[in-house]
There are 2 protein chains.
Amino acid sequence: MAGPHTLAETERAVESRLSDMNLDFEAMAVTSNLFRAANAVRNRLEGTVLKPHDLTWTAFVVLWVTWIWEEVETRIIAEEGGFSKATLSGVLATLERRGLVVRERSADDGRLVIVRLSPAGRRLMRRLFPLFNQQEQAVVAAIPAADRPGTAEALRRMTVTASEPR
Amino acid sequence: MAGPHTLAETERAVESRLSDMNLDFEAMAVTSNLFRAANAVRNRLEGTVLKPHDLTWTAFVVLWVTWIWEEVETRIIAEEGGFSKATLSGVLATLERRGLVVRERSADDGRLVIVRLSPAGRRLMRRLFPLFNQQEQAVVAAIPAADRPGTAEALRRMTVTASEPR
DNA sequence: GGCCAATAATTTGGGCCCGAATGATCACGC
DNA sequence: GCGTGATCATTCGGGCCCAAATTATTGGCC
(Lines give C-alpha, C1' and ligand atoms only; values in the text may rest on other atoms or scores of the structure.)
Protein backbone atom coordinates (compact mmCIF):
# COMPACT_ATOMS: atom_id res chain seq x y z
CA MET A 1 0.00 0.00 0.00
CA ALA A 2 1.06 3.59 0.59
CA GLY A 3 0.66 4.02 -3.15
CA PRO A 4 -0.17 7.20 -4.98
CA HIS A 5 -3.83 6.85 -4.01
CA THR A 6 -4.89 6.67 -0.40
CA LEU A 7 -7.64 4.31 0.70
CA ALA A 8 -10.03 7.22 1.03
CA GLU A 9 -9.19 8.57 -2.42
CA THR A 10 -9.79 5.19 -3.95
CA GLU A 11 -13.12 4.82 -2.23
CA ARG A 12 -14.19 8.26 -3.50
CA ALA A 13 -13.14 7.44 -7.06
CA VAL A 14 -15.06 4.19 -6.87
CA GLU A 15 -18.23 5.86 -5.69
CA SER A 16 -18.27 8.56 -8.34
CA ARG A 17 -17.44 6.04 -11.07
CA LEU A 18 -20.24 3.71 -10.02
CA SER A 19 -22.88 6.09 -8.79
CA ASP A 20 -25.38 5.08 -11.48
CA MET A 21 -25.25 1.35 -10.89
CA ASN A 22 -27.33 0.95 -7.75
CA LEU A 23 -24.69 -0.89 -5.76
CA ASP A 24 -24.26 -1.61 -2.08
CA PHE A 25 -21.24 0.52 -1.24
CA GLU A 26 -21.18 -0.53 2.37
CA ALA A 27 -20.79 -4.18 1.38
CA MET A 28 -18.09 -3.15 -1.08
CA ALA A 29 -16.22 -1.24 1.59
CA VAL A 30 -16.30 -4.19 3.99
CA THR A 31 -15.08 -6.78 1.50
CA SER A 32 -12.48 -4.62 -0.19
CA ASN A 33 -11.04 -3.72 3.19
CA LEU A 34 -11.19 -7.40 4.10
CA PHE A 35 -8.95 -8.29 1.16
CA ARG A 36 -6.65 -5.33 1.68
CA ALA A 37 -6.20 -6.21 5.32
CA ALA A 38 -5.63 -9.91 4.74
CA ASN A 39 -3.06 -9.08 2.07
CA ALA A 40 -1.24 -6.49 4.14
CA VAL A 41 -1.14 -8.65 7.26
CA ARG A 42 0.01 -11.67 5.29
CA ASN A 43 2.75 -9.64 3.62
CA ARG A 44 3.97 -8.43 6.97
CA LEU A 45 3.98 -11.88 8.53
CA GLU A 46 5.78 -13.31 5.53
CA GLY A 47 8.40 -10.59 5.56
CA THR A 48 9.12 -10.60 9.28
CA VAL A 49 8.74 -14.24 10.26
CA LEU A 50 8.55 -16.57 7.26
CA LYS A 51 11.01 -15.25 4.69
CA PRO A 52 14.01 -15.39 7.04
CA HIS A 53 13.38 -19.14 7.34
CA ASP A 54 12.58 -19.57 3.66
CA LEU A 55 9.02 -20.66 4.38
CA THR A 56 6.06 -19.85 2.18
CA TRP A 57 2.71 -18.90 3.64
CA THR A 58 1.10 -22.18 2.65
CA ALA A 59 4.00 -24.21 4.00
CA PHE A 60 3.60 -22.42 7.33
CA VAL A 61 -0.12 -23.12 7.40
CA VAL A 62 0.59 -26.81 6.81
CA LEU A 63 3.13 -26.87 9.63
CA TRP A 64 0.73 -25.00 11.89
CA VAL A 65 -2.21 -27.33 11.36
CA THR A 66 0.00 -30.37 11.78
CA TRP A 67 1.52 -28.92 14.93
CA ILE A 68 -1.88 -28.28 16.49
CA TRP A 69 -3.36 -31.69 15.73
CA GLU A 70 -0.18 -33.72 16.38
CA GLU A 71 -1.09 -36.14 13.63
CA VAL A 72 -3.50 -35.41 10.88
CA GLU A 73 -4.80 -36.81 7.59
CA THR A 74 -3.82 -34.89 4.48
CA ARG A 75 -7.37 -34.11 3.44
CA ILE A 76 -7.93 -32.46 6.86
CA ILE A 77 -4.91 -30.21 6.36
CA ALA A 78 -6.24 -29.12 2.98
CA GLU A 79 -9.71 -28.37 4.35
CA GLU A 80 -8.40 -26.60 7.42
CA GLY A 81 -5.87 -24.60 5.42
CA GLY A 82 -8.27 -23.67 2.64
CA PHE A 83 -6.39 -25.07 -0.34
CA SER A 84 -6.77 -28.11 -2.58
CA LYS A 85 -5.28 -31.54 -1.96
CA ALA A 86 -3.36 -31.15 -5.20
CA THR A 87 -1.61 -28.10 -3.79
CA LEU A 88 -0.99 -29.88 -0.54
CA SER A 89 0.72 -32.82 -2.23
CA GLY A 90 3.34 -30.49 -3.66
CA VAL A 91 3.86 -28.50 -0.48
CA LEU A 92 4.16 -31.69 1.58
CA ALA A 93 6.80 -32.95 -0.84
CA THR A 94 8.78 -29.76 -0.26
CA LEU A 95 8.41 -29.93 3.50
CA GLU A 96 9.32 -33.61 3.60
CA ARG A 97 12.38 -32.97 1.45
CA ARG A 98 13.44 -30.34 3.97
CA GLY A 99 12.92 -32.76 6.84
CA LEU A 100 10.22 -30.78 8.64
CA VAL A 101 7.41 -33.25 8.17
CA VAL A 102 6.85 -37.02 7.87
CA ARG A 103 4.23 -38.78 5.78
CA GLU A 104 3.07 -42.31 6.62
CA ARG A 105 0.29 -44.42 5.24
CA SER A 106 -2.57 -45.13 7.68
CA ALA A 107 -2.67 -48.68 9.08
CA ASP A 108 -6.46 -48.58 9.39
CA ASP A 109 -7.15 -47.38 5.85
CA GLY A 110 -4.52 -47.79 3.16
CA ARG A 111 -5.90 -44.90 1.15
CA LEU A 112 -5.18 -42.32 3.84
CA VAL A 113 -1.86 -40.63 4.55
CA ILE A 114 -1.03 -39.36 8.03
CA VAL A 115 1.23 -36.36 8.48
CA ARG A 116 3.34 -35.52 11.55
CA LEU A 117 5.99 -32.95 12.34
CA SER A 118 9.55 -34.22 12.60
CA PRO A 119 11.49 -33.17 15.72
CA ALA A 120 13.08 -30.44 13.58
CA GLY A 121 9.62 -29.33 12.51
CA ARG A 122 8.45 -29.15 16.11
CA ARG A 123 11.52 -27.16 17.13
CA LEU A 124 10.94 -24.75 14.26
CA MET A 125 7.29 -24.12 15.17
CA ARG A 126 8.11 -23.72 18.84
CA ARG A 127 10.62 -21.04 17.89
CA LEU A 128 8.65 -19.37 15.10
CA PHE A 129 5.17 -19.23 16.49
CA PRO A 130 5.84 -16.75 19.30
CA LEU A 131 7.40 -14.41 16.72
CA PHE A 132 4.39 -14.89 14.51
CA ASN A 133 2.09 -14.09 17.39
CA GLN A 134 4.05 -10.94 18.25
CA GLN A 135 3.41 -9.63 14.75
CA GLU A 136 -0.26 -10.54 14.98
CA GLN A 137 -0.40 -8.61 18.23
CA ALA A 138 1.23 -5.56 16.67
CA VAL A 139 -1.32 -5.51 13.86
CA VAL A 140 -4.37 -6.14 16.00
CA ALA A 141 -3.22 -3.40 18.39
CA ALA A 142 -4.47 -0.97 15.73
CA ILE A 143 -8.04 -1.92 16.69
CA PRO A 144 -9.39 -0.36 19.90
CA ALA A 145 -9.42 -3.15 22.49
CA ALA A 146 -13.17 -2.92 22.99
CA ASP A 147 -13.79 -3.58 19.27
CA ARG A 148 -11.60 -6.67 18.92
CA PRO A 149 -14.06 -9.35 19.96
CA GLY A 150 -16.71 -7.79 17.72
CA THR A 151 -14.30 -7.73 14.79
CA ALA A 152 -13.41 -11.40 15.25
CA GLU A 153 -17.09 -12.23 15.45
CA ALA A 154 -17.95 -10.27 12.31
CA LEU A 155 -15.21 -12.12 10.43
CA ARG A 156 -16.48 -15.45 11.76
CA ARG A 157 -19.97 -14.64 10.52
CA MET A 158 -18.72 -13.73 7.08
CA THR A 159 -16.79 -16.98 6.91
CA VAL A 160 -19.83 -19.04 7.78
CA THR A 161 -22.11 -17.24 5.35
CA ALA A 162 -19.60 -17.27 2.51
CA SER A 163 -19.10 -21.01 3.03
CA GLU A 164 -22.78 -21.83 2.81
CA PRO A 165 -23.97 -23.65 -0.28
CA ARG A 166 -25.83 -21.41 -2.70
CA MET B 1 -14.56 -24.99 5.44
CA ALA B 2 -17.32 -27.08 6.88
CA GLY B 3 -14.63 -29.66 7.63
CA PRO B 4 -14.58 -32.22 10.38
CA HIS B 5 -13.57 -29.55 12.90
CA THR B 6 -15.73 -26.54 13.51
CA LEU B 7 -14.19 -23.12 14.01
CA ALA B 8 -14.89 -23.32 17.72
CA GLU B 9 -13.33 -26.78 18.03
CA THR B 10 -10.22 -25.61 16.30
CA GLU B 11 -9.91 -22.59 18.54
CA ARG B 12 -10.25 -24.81 21.63
CA ALA B 13 -7.60 -27.24 20.36
CA VAL B 14 -5.30 -24.35 19.67
CA GLU B 15 -5.70 -22.89 23.12
CA SER B 16 -5.04 -26.13 24.99
CA ARG B 17 -2.07 -26.93 22.76
CA LEU B 18 -0.48 -23.55 23.33
CA SER B 19 -1.49 -22.73 26.88
CA ASP B 20 2.12 -22.70 28.13
CA MET B 21 3.50 -20.29 25.58
CA ASN B 22 2.21 -16.95 26.81
CA LEU B 23 0.54 -15.92 23.59
CA ASP B 24 -2.03 -13.28 22.73
CA PHE B 25 -5.04 -15.42 21.85
CA GLU B 26 -7.23 -12.46 21.05
CA ALA B 27 -4.81 -11.30 18.36
CA MET B 28 -4.63 -14.87 17.05
CA ALA B 29 -8.41 -15.08 16.86
CA VAL B 30 -8.67 -11.83 14.93
CA THR B 31 -6.01 -12.65 12.36
CA SER B 32 -6.95 -16.28 11.86
CA ASN B 33 -10.55 -15.27 11.30
CA LEU B 34 -9.32 -12.55 8.98
CA PHE B 35 -7.62 -15.13 6.76
CA ARG B 36 -10.48 -17.59 6.97
CA ALA B 37 -12.97 -14.91 6.01
CA ALA B 38 -10.89 -13.55 3.14
CA ASN B 39 -10.41 -17.06 1.81
CA ALA B 40 -14.05 -18.04 2.12
CA VAL B 41 -15.36 -14.84 0.56
CA ARG B 42 -12.85 -15.04 -2.25
CA ASN B 43 -13.77 -18.65 -2.96
CA ARG B 44 -17.43 -17.73 -3.12
CA LEU B 45 -16.87 -14.78 -5.43
CA GLU B 46 -14.66 -16.88 -7.67
CA GLY B 47 -17.16 -19.70 -7.83
CA THR B 48 -20.26 -17.60 -8.44
CA VAL B 49 -19.01 -14.74 -10.59
CA LEU B 50 -15.50 -15.31 -11.92
CA LYS B 51 -15.27 -18.98 -12.84
CA PRO B 52 -18.27 -18.89 -15.23
CA HIS B 53 -16.34 -16.30 -17.24
CA ASP B 54 -13.00 -18.08 -16.86
CA LEU B 55 -11.48 -15.19 -14.93
CA THR B 56 -8.97 -15.59 -12.13
CA TRP B 57 -9.12 -13.47 -9.01
CA THR B 58 -6.06 -11.47 -9.95
CA ALA B 59 -7.27 -10.92 -13.49
CA PHE B 60 -10.52 -9.52 -12.07
CA VAL B 61 -8.64 -7.20 -9.73
CA VAL B 62 -6.63 -5.89 -12.68
CA LEU B 63 -9.81 -5.28 -14.67
CA TRP B 64 -11.43 -3.62 -11.69
CA VAL B 65 -8.60 -1.18 -11.01
CA THR B 66 -8.33 -0.33 -14.68
CA TRP B 67 -12.08 0.16 -14.91
CA ILE B 68 -12.13 2.57 -11.97
CA TRP B 69 -9.21 4.70 -13.08
CA GLU B 70 -10.07 4.67 -16.81
CA GLU B 71 -6.37 4.66 -17.71
CA VAL B 72 -3.65 3.67 -15.35
CA GLU B 73 0.07 2.92 -15.22
CA THR B 74 1.03 -0.71 -14.66
CA ARG B 75 2.93 -0.01 -11.45
CA ILE B 76 -0.23 1.58 -10.01
CA ILE B 77 -2.26 -1.52 -10.77
CA ALA B 78 0.29 -3.67 -9.00
CA GLU B 79 0.36 -1.46 -5.91
CA GLU B 80 -3.40 -1.08 -5.79
CA GLY B 81 -3.96 -4.80 -6.33
CA GLY B 82 -1.33 -5.93 -3.88
CA PHE B 83 0.83 -8.06 -6.16
CA SER B 84 4.20 -7.66 -7.84
CA LYS B 85 4.84 -6.08 -11.21
CA ALA B 86 6.26 -9.39 -12.34
CA THR B 87 2.92 -11.04 -11.69
CA LEU B 88 1.10 -8.22 -13.39
CA SER B 89 3.11 -8.56 -16.59
CA GLY B 90 1.91 -12.13 -16.99
CA VAL B 91 -1.70 -11.39 -16.14
CA LEU B 92 -1.77 -8.42 -18.50
CA ALA B 93 -0.44 -10.64 -21.28
CA THR B 94 -3.32 -13.04 -20.66
CA LEU B 95 -5.91 -10.25 -20.56
CA GLU B 96 -4.50 -8.61 -23.67
CA ARG B 97 -4.50 -11.92 -25.53
CA ARG B 98 -8.19 -12.27 -24.63
CA GLY B 99 -8.91 -8.77 -25.88
CA LEU B 100 -10.11 -7.32 -22.58
CA VAL B 101 -7.31 -4.84 -22.09
CA VAL B 102 -4.97 -2.66 -24.14
CA ARG B 103 -1.38 -1.72 -23.30
CA GLU B 104 0.27 1.37 -24.76
CA ARG B 105 3.54 3.06 -24.01
CA SER B 106 3.26 6.49 -22.39
CA ALA B 107 4.02 9.44 -24.66
CA ASP B 108 5.30 11.51 -21.73
CA ASP B 109 7.66 8.88 -20.34
CA GLY B 110 8.83 6.02 -22.53
CA ARG B 111 9.44 3.77 -19.53
CA LEU B 112 5.81 3.72 -18.47
CA VAL B 113 3.04 1.56 -19.86
CA ILE B 114 -0.57 2.74 -19.74
CA VAL B 115 -3.39 0.21 -19.47
CA ARG B 116 -7.00 0.72 -20.57
CA LEU B 117 -10.01 -1.54 -20.90
CA SER B 118 -11.08 -2.46 -24.40
CA PRO B 119 -14.78 -1.99 -25.22
CA ALA B 120 -15.21 -5.72 -24.58
CA GLY B 121 -13.49 -5.31 -21.21
CA ARG B 122 -15.81 -2.44 -20.28
CA ARG B 123 -18.86 -4.42 -21.32
CA LEU B 124 -17.67 -7.37 -19.23
CA MET B 125 -17.12 -5.28 -16.10
CA ARG B 126 -20.42 -3.49 -16.51
CA ARG B 127 -22.12 -6.88 -16.62
CA LEU B 128 -20.04 -8.66 -13.97
CA PHE B 129 -19.67 -6.06 -11.31
CA PRO B 130 -23.31 -5.92 -10.22
CA LEU B 131 -23.22 -9.71 -9.79
CA PHE B 132 -20.02 -9.39 -7.82
CA ASN B 133 -21.62 -6.77 -5.62
CA GLN B 134 -24.67 -8.94 -5.02
CA GLN B 135 -22.43 -11.64 -3.61
CA GLU B 136 -20.57 -9.13 -1.46
CA GLN B 137 -23.93 -7.99 -0.15
CA ALA B 138 -24.99 -11.54 0.68
CA VAL B 139 -21.81 -12.13 2.67
CA VAL B 140 -21.80 -8.81 4.50
CA ALA B 141 -25.46 -9.34 5.41
CA ALA B 142 -24.16 -11.82 8.01
CA ILE B 143 -22.87 -8.87 10.04
CA PRO B 144 -25.49 -6.91 12.01
CA ALA B 145 -26.02 -3.63 10.17
CA ALA B 146 -24.89 -1.55 13.12
CA ASP B 147 -21.52 -3.32 13.21
CA ARG B 148 -20.63 -2.94 9.52
CA PRO B 149 -19.00 0.49 9.57
CA GLY B 150 -16.98 -0.53 12.63
CA THR B 151 -15.84 -3.71 10.93
CA ALA B 152 -14.71 -1.83 7.83
CA GLU B 153 -12.89 0.64 10.04
CA ALA B 154 -11.14 -2.09 12.03
CA LEU B 155 -9.96 -3.68 8.78
CA ARG B 156 -8.74 -0.32 7.51
CA ARG B 157 -6.73 0.16 10.68
CA MET B 158 -5.14 -3.26 10.40
CA THR B 159 -4.20 -2.53 6.80
CA VAL B 160 -2.51 0.72 7.72
CA THR B 161 -0.62 -0.74 10.65
CA ALA B 162 0.46 -3.86 8.82
CA SER B 163 1.74 -1.71 5.94
CA GLU B 164 3.89 0.47 8.20
CA PRO B 165 7.64 0.02 7.92
CA ARG B 166 9.12 -1.87 10.84
C1' DG C 1 -13.83 -65.26 -3.75
C1' DG C 2 -14.82 -61.56 -7.54
C1' DC C 3 -16.88 -57.39 -9.20
C1' DC C 4 -17.85 -52.41 -8.61
C1' DA C 5 -18.89 -47.93 -7.02
C1' DA C 6 -16.97 -44.73 -3.69
C1' DT C 7 -13.13 -42.47 -1.71
C1' DA C 8 -7.99 -41.40 -1.14
C1' DA C 9 -3.70 -39.24 -2.65
C1' DT C 10 -0.98 -38.15 -6.41
C1' DT C 11 0.35 -36.53 -11.11
C1' DT C 12 -0.32 -33.50 -15.03
C1' DG C 13 -0.87 -29.17 -17.51
C1' DG C 14 -1.61 -24.43 -17.46
C1' DG C 15 -1.88 -20.12 -14.87
C1' DC C 16 -0.43 -17.23 -10.98
C1' DC C 17 3.27 -15.58 -7.88
C1' DC C 18 7.70 -13.58 -6.45
C1' DG C 19 12.75 -12.06 -6.32
C1' DA C 20 16.51 -11.28 -9.16
C1' DA C 21 18.44 -10.20 -13.49
C1' DT C 22 17.82 -7.69 -17.89
C1' DG C 23 17.20 -4.01 -21.06
C1' DA C 24 15.13 0.40 -22.05
C1' DT C 25 14.42 5.19 -20.83
C1' DC C 26 14.84 9.28 -18.07
C1' DA C 27 16.88 13.16 -15.20
C1' DC C 28 20.69 15.49 -13.77
C1' DG C 29 25.22 17.31 -13.56
C1' DC C 30 28.86 18.68 -16.11
C1' DG D 1 26.29 16.60 -25.89
C1' DC D 2 27.52 12.74 -22.53
C1' DG D 3 27.99 9.86 -18.81
C1' DT D 4 25.72 7.96 -14.64
C1' DG D 5 22.53 6.58 -11.39
C1' DA D 6 17.57 6.04 -10.89
C1' DT D 7 13.29 4.18 -12.43
C1' DC D 8 10.45 1.54 -15.46
C1' DA D 9 8.47 -3.06 -17.47
C1' DT D 10 9.64 -7.47 -18.73
C1' DT D 11 11.80 -12.09 -18.55
C1' DC D 12 13.42 -16.13 -16.06
C1' DG D 13 13.48 -19.88 -12.67
C1' DG D 14 11.31 -22.13 -9.05
C1' DG D 15 7.35 -22.72 -6.07
C1' DC D 16 2.35 -22.46 -5.34
C1' DC D 17 -2.40 -23.20 -7.13
C1' DC D 18 -6.34 -25.71 -9.13
C1' DA D 19 -9.29 -28.97 -12.05
C1' DA D 20 -9.13 -33.15 -14.29
C1' DA D 21 -7.10 -37.52 -15.02
C1' DT D 22 -4.72 -41.37 -12.82
C1' DT D 23 -3.61 -44.98 -9.52
C1' DA D 24 -4.62 -47.37 -5.31
C1' DT D 25 -7.54 -49.02 -1.64
C1' DT D 26 -11.86 -49.85 0.58
C1' DG D 27 -16.50 -51.61 1.59
C1' DG D 28 -20.44 -53.61 0.02
C1' DC D 29 -22.96 -57.09 -2.78
C1' DC D 30 -23.50 -61.04 -5.00
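To find a chain, count down the sequence lines: A is the first, B the second, and so on, and within it residues start at 1.
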Separation of atom [atom1] in [X] from atom [atom2] in [N], rounded to whole Å:
| X | N | atom1 | atom2 | value |
| --- | --- | --- | --- | --- |
| B:Ile76 | D:dT7 | CD1 | C1' | 13 Å |
| B:Glu46 | D:dA19 | CD | C1' | 13 Å |
| B:Leu50 | D:dA19 | CG | C1' | 16 Å |
| A:Leu88 | D:dG15 | CG | C1' | 14 Å |
| B:Lys85 | C:dC18 | NZ | C1' | 13 Å |
| B:Phe83 | D:dC17 | CZ | P | 17 Å |
| B:Ile114 | C:dT25 | CD1 | P | 15 Å |
| B:Trp57 | D:dC18 | CH2 | P | 14 Å |

Counting distance only, does the side-chain N/O of [X] pair as donor-acceptor with the main-chain N or O of [Y] below 3.5 Å?
| X | Y | value |
| --- | --- | --- |
| A:Arg105 | A:Gly110 | yes |
| B:Arg148 | B:Ile143 | yes |
| B:Glu96 | B:Arg103 | yes |
| B:Ser118 | B:Gly99 | yes |

Compare side-chain N and O positions of [X] against OP1 and OP2 of [N] and report whether any pair is under 4.0 Å apart.
| X | N | result |
| --- | --- | --- |
| B:Lys51 | D:dA19 | yes |
| A:Ser89 | C:dA9 | no |
| A:Thr87 | D:dC18 | yes |
| B:Ser84 | C:dC17 | no |

Interatomic distance, [X] atom [atom1] to [Y] atom [atom2] [nearest 0.5 angstrom]:
| X | Y | atom1 | atom2 | result |
| --- | --- | --- | --- | --- |
| A:Leu117 | A:Leu100 | CG | CG | 8.0 Å |
| B:Glu80 | B:Glu73 | CD | CD | 12.0 Å |
| B:Asp24 | A:Gln137 | CG | CD | 4.0 Å |

**Message:** Which heavy atom of A:Arg44 sits nearest to which heavy atom of A:Ala138, and what is that distance?
**Reply:** NH2-CB, 4.1 Å
**Item:** Residues within residues 61-68 of chain B bordering DNA chain D, heavy-atom distance below 4.0 Å
**Value:** none
**Message:** Tell me which residues in residues 92-113 of chain A lie within less than 4.0 Å of DNA chain D, going by non-hydrogen atoms.
**Reply:** A:Thr94, A:Asp109, A:Gly110, A:Arg111
Establish whether [X] and [Y] are linked, either directly or via other cluster members, by ILVMFWY side-chain heavy-atom contacts under 4.5 Å.
| X | Y | answer |
| --- | --- | --- |
| A:Leu95 | A:Ile114 | no |
| B:Val113 | B:Leu63 | no |
| A:Leu112 | A:Trp69 | no |

**Asked** Between B:Arg75 and B:Asn43, who's closer to the 5' end of DNA chain D by nearest nucleotide?
**Response**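 Per heavy-atom nearest nucleotide, the more 5' residue is B:Arg75.
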**Asked** Does the gap between the ring centers of A:Trp64 and A:Phe132 come in under 6.0 Å?
**Response**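 Between A:Trp64 and A:Phe132, the centre distance exceeds or equals 6.0 Å.
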**Message:** Need one value for B:Thr58: base, sugar-phosphate or nothing, where a base atom within 4.0 Å counts as base even if backbone is also close, heavy atoms only.
**Reply:** sugar-phosphate
**Request:** Kindly point out which of C:dA9, D:dC12, D:dC17 is positioned nearest to the side chain of B:Ala86?
**Result:** D:dC12
What are the atom names and distances for every N/O pair under 3.5 Å that joins the protein to nucleotides 1-3 of chain D?
none

